[in-house]
There are 2 protein chains.
Amino acid sequence: MPRIRHKRLDCSPGCAVEATLELIDGKWKGVILFHLLHGTMRFNALRKRLPTVTQRMLTAQLRELEQDGFVLRTVYAEVPPKVEYSLTERGRTLEPVITALKQWGDTHTRFGTDTQRETEPEAAPAGG
Amino acid sequence: MPRIRHKRLDCSPGCAVEATLELIDGKWKGVILFHLLHGTMRFNALRKRLPTVTQRMLTAQLRELEQDGFVLRTVYAEVPPKVEYSLTERGRTLEPVITALKQWGDTHTRFGTDTQRETEPEAAPAGG
DNA sequence: CCGAATCCCATGTGATACTG
DNA sequence: CAGTATCACATGGGATTCGG
């Protein structure tokens, strides 16, 4: 059964605020969008970034983002299976929003203190 | 029982994104924040802006916003009761975020087409 | 006028097992 | 590797009722 997204919006001008919020809400969408901003990723690559997400949830969130036209899902007819996710043009328009969200978080929450960088290698370097 | 906010965040750098999202998520927080950006409002004034919100929900969202240090609740010892809500300093730091959210919504959703303005009078002018 | 308490259903999300 | 199906539980949110 196709889930009904976008329940009801009965605000005033602030409406646009909630409308946007509903699209990027969902437990993992923000992070997914953020990571995809840095480039195309495979399903399992995404999982690595979201250590505790379940397969079910990751799939679900990705599907919703796809439905909303933010991400593109590319399936390669190979074996083993390979599926890549990337942002669409529309998805990239969210960059300012994601950035604003991240900046605020960096400045005002404890998560701004983590010094991880998104350029870390996918696999540990062999030679240490 | 005090509800547990901020479940668990186990992202990567994108963490800050979700952290912010969790704070402004909730069915009505975005709109509330947006309206409060324009100035102090009484409980019922807020209700007028959010036509379908229930008392229970408005109270709840306001309480969470208060907990998170975004809004200030001022109770006047009068009768009939009068309670005013306004943004705290911290609350105002969210302005860029709310703005980004609104701008995107204005540009990319159907809610960008409403022409209402937030400067409409609280009460009808007596003398016309 | 503002809000708390209670009841109740829909949904979100996690765990687990199975499939191509 | 990527994804689906089913079960189970916690939470979100609406309706209604009661109180200062």
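We name chains A, B, ... by the order of the sequence lines, and we start the count at 1 in each one. Please read all numbers here as calculations on a predicted model, not as lab measurements. Only heavy atoms go into these numbers, but all of them, side chains included; no hydrogens, no water, no symmetry mates.
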Quick one: [X] [atom1] to [N] [atom2], roughly how many Å, whole number?
{"X": "A/Glu22", "N": "C/dT11", "atom1": "CD", "atom2": "P", "answer": "13 Å"}
{"X": "A/Gln55", "N": "C/dT19", "atom1": "CD", "atom2": "C1'", "answer": "11 Å"}
{"X": "B/Tyr76", "N": "D/dG20", "atom1": "OH", "atom2": "P", "answer": "24 Å"}
{"X": "A/Leu46", "N": "D/dA2", "atom1": "CG", "atom2": "C1'", "answer": "12 Å"}
{"X": "A/Gln61", "N": "D/dT4", "atom1": "CD", "atom2": "C1'", "answer": "16 Å"}
{"X": "A/Lys29", "N": "C/dG12", "atom1": "NZ", "atom2": "C1'", "answer": "12 Å"}
{"X": "A/Leu58", "N": "D/dT4", "atom1": "CG", "atom2": "C1'", "answer": "14 Å"}
{"X": "A/Glu84", "N": "D/dA2", "atom1": "CD", "atom2": "P", "answer": "9 Å"}

Subject >> A/Arg56 vs D/dT6: side-chain N/O to OP1/OP2 distance below 4.0 Å >> reply: no
Original post:
Between C/dG3 and B/Tyr85, is there an OP1 or OP2 to side-chain N/O distance shorter than 4.0 Å?
Top reply: yes
**OP:** To the nearest 0.5 angstrom, please state how far the CG atom of A/Leu21 sits from the CG atom of B/Leu33.
**Re:**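 The distance works out to 9.5 Å.
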**OP:** Between B/Arg63 and B/Arg42, name the one whose nearest nucleotide on DNA chain C is closer to the 5' end.
**Re:** B/Arg42
Subject >> Pair A/Asp25 + A/Lys29: basic N to acidic O under 4.0 Å >> reply: no
**OP:** Decide, yes or no, whether a salt bridge links A/Arg92 with A/Glu95 under the criterion of side-chain N to carboxylate O below 4.0 Å.
**Re:** no
Original post:
Checking side chain to side chain contact (heavy atoms under 4.5 Å, CB included) against A/Leu87, which of A/Leu94, A/Thr40, A/Leu65, A/Val71 comes through?
Top reply: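 Of the listed residues A/Leu94, A/Thr40, A/Leu65, A/Val71, the side chain to side chain contact (heavy atoms under 4.5 Å, CB included) partner of A/Leu87 is A/Val71.
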Original post:
What class does the angle between the rings of A/His38 and A/His35 fall in, given that below 30° is parallel, 30 to 60° is tilted and above 60° is perpendicular?
Top reply: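 Geometry flag for A/His35 against A/His38: perpendicular rings.
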**OP:** Report the nucleotide, chosen from D/dG14, D/dA2, C/dT13, that has the shortest atom-to-atom distance to any side-chain atom of B/Thr54.
**Re:** D/dG14
**OP:** Among C/dC1, D/dA2, D/dG14, find the nucleotide with the atom closest to the side chain of A/Val83.
**Re:**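 The answer is D/dA2.
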Original post:
Checking all strands, does A/Pro80 fall into the base, sugar-phosphate, or nothing category for heavy-atom contacts under 4.0 angstrom?
Top reply: sugar-phosphate
